[in-house]
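Here is the structure we will look at.
Note that the structure is predicted; figures quoted are calculated from it, not measured. Protein chains get the first letters and strands the later ones, always in sequence-line order, with residue 1 at the start of each.
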2 protein chains.
Amino acid sequence: MKIDPRSPADLSAQIAQAIRDAIVSGRLIVDERLPSEAELADQFQVSRPTVREALKRLAAQSLIRTQRGASGGAFVNRLNFEDAYSQQITTSTLLLSMNAVSFDTACEARYALERACASLSAQRRTPDQLATMRAEIFRQAQPGLTDEAFCASDVAFHRALVDGAGNPVLSYQLAGAVEAMQPLMNMITFTARSREEIIALHTDIADALEAGDASSVDAALVKLELYTRKLAQDVAEQRRKPA
Amino acid sequence: MKIDPRSPADLSAQIAQAIRDAIVSGRLIVDERLPSEAELADQFQVSRPTVREALKRLAAQSLIRTQRGASGGAFVNRLNFEDAYSQQITTSTLLLSMNAVSFDTACEARYALERACASLSAQRRTPDQLATMRAEIFRQAQPGLTDEAFCASDVAFHRALVDGAGNPVLSYQLAGAVEAMQPLMNMITFTARSREEIIALHTDIADALEAGDASSVDAALVKLELYTRKLAQDVAEQRRKPA
DNA sequence: AATTTTTATTTGTCTGACATTTAAAAGTCT
DNA sequence: AGACTTTTAAATGTCAGACAAATAAAAATT
């Protein structure tokens with residue numbers, strides 16, 4: 001674990017990279033304690049604040065956790081899906097909002113991934129997950145629901161659909177795509193008519209999942225994708241000509 | 001942008017979160033300059049090292065970049081796909097290696113996502129991407145190739161397949177799944193016989209993509225998934241009984 | 001007017017110090 | 001002896017002040 005003292009600036013970045021490499025390569029294993037900040041400062045021949053900056057970089061990626069007190073210190077963190085989720089959602093949200101990814105592109109990706117889960121979900125969804133979907137559909141049908149609440153319920157519905165595949169890697173991968181789109185979806189005004197349509201398709205999906213009919217789920221998702229893109233297009237057109 | 005001075009420890013984490021929220025919510029826009037470290041220290045009523053730790057956390061997530069000198073400072077970074085890729089790959093790799101996700105689970109997720117790209121790729125793949133795939137197939141057929149090099153070429157092949165969908169969000173999402181599996185794949189010994197089989201399936205895929213035949217691509221991917229899982233199973237069995 | 005020099009600003013790093021937390025060791029009482 | 005309390009030491013969290021280095025703008029010079 002060495003750093004290059006010749007390259008002048010950003011020592012903390014170099015140190016962070018050195019430790020990160022040690023973790024990713026397995027030289028540092030889960031729950032192993034790193035040397036204390038003072039020892040690391042000695043090893044790398046830098047000051048403690050510099051070491052601390054490096055450790056904070058790693059903490060931001062959930063690669064380590066720190067504990068105060070005697071026998072405290074920095075420990076290699078067991079990365080859990082929850083931490084990975086939230087990081088992925090932050091990254092995906094920023095990618096969508098800053099990089100001017102079109103709604104169509106994001107939408108296409110989301111439904112492509114979701115359809116990939118559908119066949120697995122048709123085989124494996126638990127009664128509990130099905131109940132969640134039904135409950136969200138019921139919520140979506142409530143009259144006084146705000147657009148935001150409708151969107152949030154939509155996300156919960158699709159989340160349950162994805163989780164139904166019983167594959168945590170898929171759930172993790174998709175969490176970003178689905179949740180990152182929510183800010184964009186929130187810009188859509190859901191009329192009573194469009195809600196009705198979406199709820200009908202959601203019901204189709206739930207029915208097909210209950211019956212274990214993968215191809216019907218797929219068909220409903222295709223329709224839902226087309227409809228979502230149409231709604232977004234209408235919003236874009238109204239914006240262009242707000243008369 | 002406020003922090004809670006009552007909760008005692010981890011001021012830098014709170015400050016980082018406050019700034020992160022400002023970026024994600026759009027209150028700070030791309031290329032906007034943050035106040036100088038001294039000003040931030042004033043605003044948050046903390047010392048400069050604490051502010052610096054917060055900024056390093058954000059830098060680790062590629063949310064900001066810093067520049068020295070007059071009119072330097074910390075700027076909101078335009079997150080690019082490349083940065084997002086590498087973060088996703090690091091996260092995914094750690095998730096797979098530390099969280100004891102089974103090879104089957106990872107493999108299932110990977111091929112589910114990849115099949116999601118296949119139909120799009122059949123419509124849109126460029127001649128260039130097709131040529132890349134052919135070139136990788138050719139490389140995979142070379143006799144003296146090491147297992148690692150074979151794996152790397154495999155990744156490149158699948159990467160081209162995914163990129164063929166022409167959807168950067170999908171490419172980004174899948175980069176993690178495909179590349180994170182490489183360390184696991186590297187544990188497989190590819191015999192001449194198994195390479196032959198894989199190359200045949202790769203050729204099927206390339207042919208089907210050239211013909212724009214989505215369902216054939218899908219069928220080949222299903223076969224490839226089954227075969228990959230079988231190979232991994234053989235490795236696992238040999239390990240259990242290494243006689 | 002063009003070039004060079006100076007200057008001010010900002011991040012990068014260091015030193016040293018104190019506060020706070022925490023587990024273990026030492027001490028004390030029953 | 002055992003249970004409880006107190007002390008202690010180690011570690012992170014935070015602060016203050018200083019200097020180095022880079023860099024762009026301003027000033028000075030040719």
Nucleotide C:dT10, atom P - distance to CZ of B:R65 in whole Å: 17 Å
When you check the side-chain N and O atoms of B:Q17 and B:D21, is any donor under 3.5 Å from an acceptor? yes
D:dG13, D:dA24, D:dA11: which one has an atom nearest the side-chain heavy atoms of B:A70? D:dA24
Choosing from C:dG12, D:dA24, D:dC15, which nucleotide comes nearest the side chain of B:S71? D:dA24
Do B:Q87 and B:S62 have side-chain atoms, one donor and one acceptor, less than 3.5 Å apart? yes
Rounded to whole Å, please give me the gap between CD in A:Q45 and P in C:dG12. 21 Å
If you only use heavy atoms from C-beta on, which nucleotide in D:dT14, C:dT11, C:dT13 is closest to the side chain of B:T66? C:dT11
Quick check on DNA chain D: between A:P49 and A:G72, whose nearest nucleotide comes earlier from the 5' end? A:G72
Which distance, rounded to the nearest 0.5 Å, do you find between the CD of A:Q45 and the CD of A:Q43? 10.0 Å
Between the side chains of A:Q88 and B:T91, does any donor sit under 3.5 Å from an acceptor? no
Within the modelled atom types, does a donor on one side and an acceptor on the other bring the side chain of A:R48 and the base of C:dG16 under 3.5 Å apart? no
Tell me: CG of B:L34 to C1' of C:dT11, nearest whole Å? 13 Å
Starting at CD of A:E53 and ending at P of D:dT12, how long is that distance when rounded to a whole Å? 16 Å
Rounded distance in Å - CZ (A:R68) to C1' (D:dA9): 16 Å
How about B:Q140 and B:F157: do any of their side-chain heavy atoms sit closer than 4.5 Å? yes
How many Å lie between CD on A:E37 and C1' on C:dC14, as a whole number? 15 Å
Would you mind telling me which of D:dC15, C:dG12, D:dG13 lies closest to the side-chain atoms of B:S47? D:dC15
Please give, in whole Å, the distance from D:dT12 P to A:E39 CD? 9 Å
When rounded to whole Å, the CD1 to P distance for the pair A:I64 and D:dA11 reads 16 Å
Give B:R33 one of three labels, base, sugar-phosphate or nothing, depending on what nucleic acid heavy atoms sit under 4.0 Å from its own. sugar-phosphate
